[in-house]
Number of protein chains: 2
Amino acid sequence: MQSLLQQLSTIHRLSAAAQQDLEKAFLPLTLTKNTFLIEEGKICRQLYFLEQGCIRGYYLSDGKEITHWFGFENDFVTSFHSFSTQQPATEHIQLLEGSVLWSISREKLLQLCEKHHNIERLLRMAYEKYYIRLEERFVKSQFRTAAERYALLLEQAPHIIERVPLGHIASYLGLSQETLSRVRAKL
Amino acid sequence: MQSLLQQLSTIHRLSAAAQQDLEKAFLPLTLTKNTFLIEEGKICRQLYFLEQGCIRGYYLSDGKEITHWFGFENDFVTSFHSFSTQQPATEHIQLLEGSVLWSISREKLLQLCEKHHNIERLLRMAYEKYYIRLEERFVKSQFRTAAERYALLLEQAPHIIERVPLGHIASYLGLSQETLSRVRAKL
DNA sequence: CGCCGAGTTGAACTGAATCAAGAAACGTGG
DNA sequence: CCACGTTTCTTGATTCAGTTCAACTCGGCG
């Protein structure tokens with residue numbers, strides 16, 4: 001719980017009352033490797049905070065799994081599309097390691113937004129932050145070669161190679177596994 | 001102004017007081033083709049609503065202009081990274097047609113968020129919407145061929161070809177202009 | 001011991017980039 | 001309203017990065 005509050009405070013400072021309500025609203029959750037947090041076709045009603053562990057989001061395209069994001073310690077994860085619109089998810093979210101999470105329902109979160117302007121602001125600022133992060137990733141991947149994209153990933157998440165199978169990283173970078181293997185072979 | 005209020009109401013319903021304050025805060029602006037709304041290196045302090053016209057955001061990579069988004073009627077536009085963080089912009093924003101816009105300063109917008117929880121919520125929901133839109137674009141471009149990406153764009157914005165030079169569309173799709181021209185030749 | 005998933009390596013193929021001309025369309029001034 | 005230069009678009013030839021398919025290696029594990 002400490003790391004959740006800590007992470008929230010890096011986005012926006014909360015009032016004591018808002019913080020207490022949030023503490024009560026998040027429920028702890030420990031899950032094993034390969035568990036699915038969300039499956040395609042189901043409606044996602046929970047937002048998760050990943051305290052410890054590693055997660056991927058992927059979708060199926062022509063029968064192949066395309067990993068389009070990873071979550072690590074201190075990330076908020078969910079299927080944002082489904083969570084926001086309450087339409088069926090188009091992606092799977094799967095644990096890559098046994099993980100410790102905290103969850104809050106959409107309903108509860110919206111109640112807290114209603115009650116504390118404070119929390120609504122934090123959420124707004126969190127979306128801003130995640131929007132900018134996604135935009136940056138988009139810009140930095142277009143018109144870059146395989147080697148450049150891999151080098152950039154290693155810069156941003158040096159630990160990733162030890163924790164995530166190569167095939168998942170390859171599709172995340174928009175490459176085939178064989179190409180990524182060859183890129184790595186050249187150091 | 002009518003179309004701005006109309007557009008806001010599709011995101012979230014505002015109180016009369018909040019709506020009135022917003023009406024006062026937005027200033028009208030009419031600019032000619034090729035004007036720059038934002039230039040790389042400058043800090044972006046304004047958010048714009050595009051009532052009429054057409055805009056692109058682009059950045060320079062190896063001396064080449066890469067258009068990474070277009071704005072049309074009823075879009076909110078700014079350099080989100082610079083606007084949110086108040087760091088220098090990494091992109092240019094340029095009018096592709098003479099346009100009618102409304103602008104609000106970051107300072108004023110944050111004041112209004114402070115005053116009306118209502119407006120803070122609308123902004124949070126707007127960010128949600130734009131986040132989802134960006135994510136969808138990302139997913140739909142990765143692992144797609146040139147022809148598929150072009151077909152998808154035409155579905156979503158059939159009018160774009162008559163309003164925007166081919167070269168800009170090509171870089172938006174992650175292609176060279178020559179390739180896009182050949183894709184079009186095959187209908 | 002043999003299977004299985006994960007990663008590597010090789011050879012052939014291909015979609016798209018690049019380089020290089022040329023053709024159209026456009027706007028501006030005379 | 002035409003002439004000229006500029007910008008925009010097309011077409012061709014060549015090259016290359018990355019895919020695909022297939023075989024092989026390696027380490028872990030029942």
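As a basis for the values below, the full set of heavy atoms in this structure was taken, side chains included, without hydrogen atoms, waters or symmetry mates. Below, chains carry the letters A, B, ... as their sequence lines are ordered, and counting in each starts from 1.
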Do B/Glu178 and C/dC19 share a donor-acceptor pair, side chain to base, under 3.5 Å?
yes
Ignoring hydrogens and geometry beyond distance, is the side chain of A/Arg182 in donor-acceptor contact with the base of D/dT20 at under 3.5 Å?
yes
Which is it for B/Glu65 and B/Arg56 under the salt bridge (Lys or Arg N to Asp or Glu O under 4.0 Å) test, yes or no, and what are the steps along the way?
CA-CA 11 Å; B/Glu65 295 182 358; B/Arg56 69 168 177 140; 2.8 Å; yes
Can you tell me if [X] touches the phosphate of [N], counting only side-chain N or O atoms and a distance under 4.0 Å to OP1 or OP2?
{"X": "A/Thr179", "N": "D/dG18", "value": "no"}
{"X": "A/Thr145", "N": "D/dA17", "value": "no"}
{"X": "B/Lys64", "N": "C/dT18", "value": "yes"}

Looking at side-chain heavy atoms only, is the closest gap between B/Gln6 and B/Thr10 below 4.5 Å?
yes
Whole-Å distance separating the CG atom of B/Leu166 from the P atom of D/dT7
17 Å
Suppose we call two aromatic rings close when their centres sit under 6.0 Å apart. Are A/Tyr48 and A/Phe76 close by that rule?
no
Qualifying salt bridge (charged side-chain N to carboxylate O under 4.0 Å, His left out) pairs, either residue in residues 97-109 of chain A, two or more places apart
A/Glu97-A/Arg163
Result for 5'-nearest mapping on DNA chain C, choosing between A/Gly167 and B/Ala146, is A/Gly167
Passes salt bridge (Lys or Arg N to Asp or Glu O under 4.0 Å), B/Arg124 versus B/Glu128? Steps please.
CA-CA 6 Å; B/Arg124 186 261 294 169; B/Glu128 268 185 37; 2.7 Å; yes
End axis versus end axis in the helix from C/dC1-D/dG30 to C/dG30-D/dC1, the angle rounded to 10°, five pairs used at each terminus
30°
Do A/Trp69 and A/Glu91 meet the criterion of a side-chain donor-acceptor pair at a distance under 3.5 Å?
yes
